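Scroll down for the structure; my scribbles are underneath it.
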Amino acid sequence: MTQAINFILNNKDISTDLSSGKIVLDFLRHSLRGTKEACREGDCGACLILVGKWDGNAVSYQPVNSCLLPLGEIEGQHIVTIEGLKNNDLTPIQAAIVEEGATQCGYCTPGIALSLTGFFLNSRTLDASAAIAALDGNLCAEFGLNKIVVMSVPQPALKI
């Protein structure tokens, strides 16, 4: 008998009886398309999601490659995909990416936007070099990452 895995996906409570060893990326791709499948080895960041964990005082969000993450590891967590950032308006990070023309084919953009979102949600200081370091693990074959590195990202008031 399989035990249900319960978590929050963006703003929805999810309960699934799928195998705890099933990869989160495969689960997400059945209903959402923003999380991209590319290398399936954790090297490119196209499948990046934010995993929110309660630390006793607040929820801390960490960027994680969903192609390496088993469903069993997200029990009780808050999972945020690029669709979870969707509101009526773009977030400051998404707006800066658009304004600076920092996307080309768009395949890497969701992972990059989520990496920066995770950085700003967790960062106590707004250091440009730390923001650039937060992009480690995100690959862009179209050279959009160079534009993202040099873009001026405003201090966002982020809320998930």
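Remember, predicted model here, so these are calculated numbers, not experimental data. Each residue takes its place number in the sequence, starting with 1.
Here the side chain of Glu83 pairs a donor or acceptor atom with the backbone of Gly34 at under 3.5 angstrom. Panel note: side chain His78, backbone Asn10; a donor-acceptor pair is recorded below 3.5 Å.
Atom CG of residue Leu25 and atom CG of residue Leu48 lie 11.0 Å apart, to the nearest 0.5 angstrom. To the nearest 0.5 Å, the span separating CZ on Arg33 from OG1 on Thr81 amounts to 12.5 Å. The CD1 atom of Ile112 sits 12.0 Å away from the CD1 atom of Ile93 when rounded to the nearest 0.5 Å. Residue Ile14 holds its CD1 atom at 12.0 Å from CD1 of Ile5, rounded to the nearest 0.5 Å. Put simply, CD1 on Ile82 and OG1 on Thr35 are 8.5 Å apart, with the number rounded to the nearest 0.5 Å.
Residues satisfying the side chain to side chain donor-acceptor pair (under 3.5 Å) test with Glu99, not counting sequence neighbours, are none. Val59 is linked by a side chain to side chain contact (heavy atoms under 4.5 Å, CB included) to Trp54, Tyr61, counting only residues two or more places apart in sequence or in another chain. Among residues two or more places apart in sequence or in another chain, the side chain to side chain donor-acceptor pair (under 3.5 Å) test is passed with Ser115 by Asn138. Applying the side chain to side chain donor-acceptor pair (under 3.5 Å) criterion to Gln94, with sequence neighbours excluded, gives Thr91. Considering only residues two or more places apart in sequence or on other chains, Thr125 meets the side chain to side chain donor-acceptor pair (under 3.5 Å) condition with none of them. Checked against side chain to side chain contact (heavy atoms under 4.5 Å, CB included), Ala38 has the following partners two or more places apart in sequence or in another chain: Cys44, Ala46, Tyr107.
Considering all non-hydrogen atoms of both residues, Gly42 and Asn65 come closest at O-ND2, 3.0 Å. The heavy-atom pair separating Lys36 from Arg29 by the smallest distance is CA-NH1, 4.3 Å.
Side-chain contact between Leu85 and Val80 is present, with at least one heavy-atom pair separated by less than 4.5 Å. In this structure, Val24 and Val64 have side chains that are not in contact, with every pair of non-hydrogen atoms separated by 4.5 Å or more. Side-chain atoms of Pro63 and Leu114, non-hydrogen and from C-beta on, never get closer than 4.5 Å to each other. Within the 4.5 Å cutoff, the side chain of Leu50 has no heavy atoms near those of the Ile79 side chain. Annotation: side chain of Phe119 is not in contact with side chain of Leu135 (no heavy-atom distance under 4.5 Å).
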Verdict with reasoning, Leu28 to Leu9, per side chain to side chain contact (heavy atoms under 4.5 Å, CB included): CA-CA 9 Å; Leu28 294 174; Leu9 176 57; 3.6 Å; yes
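For the salt bridge (Lys or Arg N to Asp or Glu O under 4.0 Å) condition, the pairs that include at least one residue of residues 38-58, sequence neighbours left out, are Asp26-Arg40, Glu37-Arg40. For residues 111-127, no pair satisfies salt bridge (Lys or Arg N to Asp or Glu O under 4.0 Å), with sequence neighbours left out. Legend: ring pair (Phe, Tyr, Trp, His ring centres under 6.0 Å) pairs involving residues 18-49, not counting sequence neighbours, sorted by first then second residue: Phe7-Phe27.
The other members of the hydrophobic cluster of Val98, by chain and number, are Leu90 (side-chain heavy atoms under 4.5 Å, ILVMFWY only). Side-chain heavy-atom separations under 4.5 angstrom define the hydrophobic clusters, and Ile8 shares its cluster with no other residue.
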Tabulate below the donor-acceptor pairs under 3.5 Å that side-chain atoms of residues 66-74 make, not counting sequence neighbours, or state none.
| unit_1 | atom_1 | unit_2 | atom_2 | d |
| --- | --- | --- | --- | --- |
| Ser66 | OG | Cys47 | O | 2.8 |

